[in-house]
*Asks:* 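One structure coming up, written as structure tokens, with questions to follow.
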Amino acid sequence: MSEFLLKPRIRFGPDALAILNELPARNVMLVTDQAMVKFGLADRVTQILHARGIAFQVWDDVVADPNIATVVRGMKRMDSSSPDLVIALGGGSVIDAAKAVIFALAQIRPDTRREPPCFVAIPTTSGTGSEVTAFSVIKAHAEKLVLVDPLLLPDIAILDPALVASVPPAITADTGMDVLCHALEAYVSLAASDFSDALAEKVVQQVFRFLPTCWRNGGDLLAREKMHNASCMAGMAFTNVSLGITHSLAHALGGVFRVPHGRANALLMADVVAWNADYHGQCDTNAARKYARLAHLLDLPAATTRQGVASLLVAIQALKDEMGMPAGIRDTGVLVDEFEQRLAEMVGQALRDNCTPTNPRAPDAHALIEIYRRAWTGNAVQNH
Ligand SMILES: [Zn+2]
């Protein structure tokens, strides 16, 4: 027996933000960060509320990688104002913070007379899919606390391409590769289903087709819309079927060497695909066949499973190259001695990571060390 949960309601496309004109509200809390205020994106929301004569307050000091102190600050704000509508406007950090605040308040305030607020998530990057996932990542000292609960799901997600038009090229590349990674890992997850496969296939096609355009010309709103939708669809897939060891290895690499999440995934993705496919061995795993199917969908040579996997590896590499991304971990400024020194620690973390159990091939420490070392130089195809 399996399940595929569908929530929230999604409003997407040009002017999707206008749905804020329709939502019933008396008292709104806008959760956002300083950058959104500075660049005028918060104004786009508050102008609508102002025109409707709805009372609102802005909580704008959410920082990247929110920690428990951030959540406690938010809880105090939300508890004292009791909003009936909460709007989270920002990247994954802002949406995750709002999720955690609403969730934590519901836990400590089991007052059933007070309805939880309607929760609207408005992503301003195309990457995390946080607007449709039942996860929230909160920092607790050096550790990352991952909250997992359907209660974390927003009620409404607004995907307005105009809100991502000004994302700089480097962040567009990093977050776009994160989207690709979500789809690739959901597609071969041990929990994958017809439902997640349909989403993942569409996402992979849209990323290869539209991400380079978003990187080259951020103002191309059609390409931005396609990537914004892809990010959300990938979130719908992986919130249901989880991810794999690219994410486990990227979480550890990012934690130790401060490599941004999407870039860390981009650095590791091809070598994980090669390992999952057993590309250097028989290349006859279930994952290999699924990768070859993706190559076929991308109109790449895929007459045999091995050729299909090779085509996908070349395509991933080409996508990174096209956007001027580093080929290997060594190209990100990490020193080889330090990398080797921290390898065992990172591998230990990756083995314990929540994303590891659904990876199509169960890794041991030896396999993860090998993947990290191959990703050190990059060029997964030549590596084999
Ligand atoms: Zn990710």
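Read the numbers this way: they start at 1 and go in the same order the structure lists the ligands and their atoms. Note: hydrogens, waters and symmetry copies are ignored here, and every other heavy atom, side chains too, is used. Everything numeric in this text was worked out from a predicted model, so none of it was measured. Residues take their numbers from the sequence shown, with the count starting at 1.
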*Asks:* What's the spacing between L17 CG and Q47 CD if we round to 0.5 Å?
*Replies:* 10.0 Å
*Asks:* Mind checking the NE2-CG spacing from H228 to L163? Nearest 0.5 Å is all I need.
*Replies:* 6.5 Å
*Asks:* How wide is the angle at the Zn ion (ligand 1) spanned by H182 NE2 and H261 NE2, rounded to 10 degrees?
*Replies:*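 Once rounded, the angle between the two atoms at the Zn ion (ligand 1) is 170°.
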*Asks:* Give the name of the N/O/S atom in D178 that lies closest to the Zn ion (ligand 1).
*Replies:*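 The nearest such atom is OD1.
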*Asks:* Strictly under 2.8 Å, is the Zn ion (ligand 1) approached by any N, O or S atom of C181?
*Replies:*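 Not a single backbone or side-chain N, O or S atom of C181 is under 2.8 Å from the Zn ion (ligand 1).
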*Asks:* Surrounding CG of D364 (heavy atoms of other residues, nucleotides or ligands, distance under 6.0 Å), is the total greater than 12?
*Replies:*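 Result for CG/D364: enclosed.
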*Asks:* To the nearest 0.5 angstrom, please state how far the CG atom of D278 sits from the CG atom of D284.
*Replies:* 8.5 Å
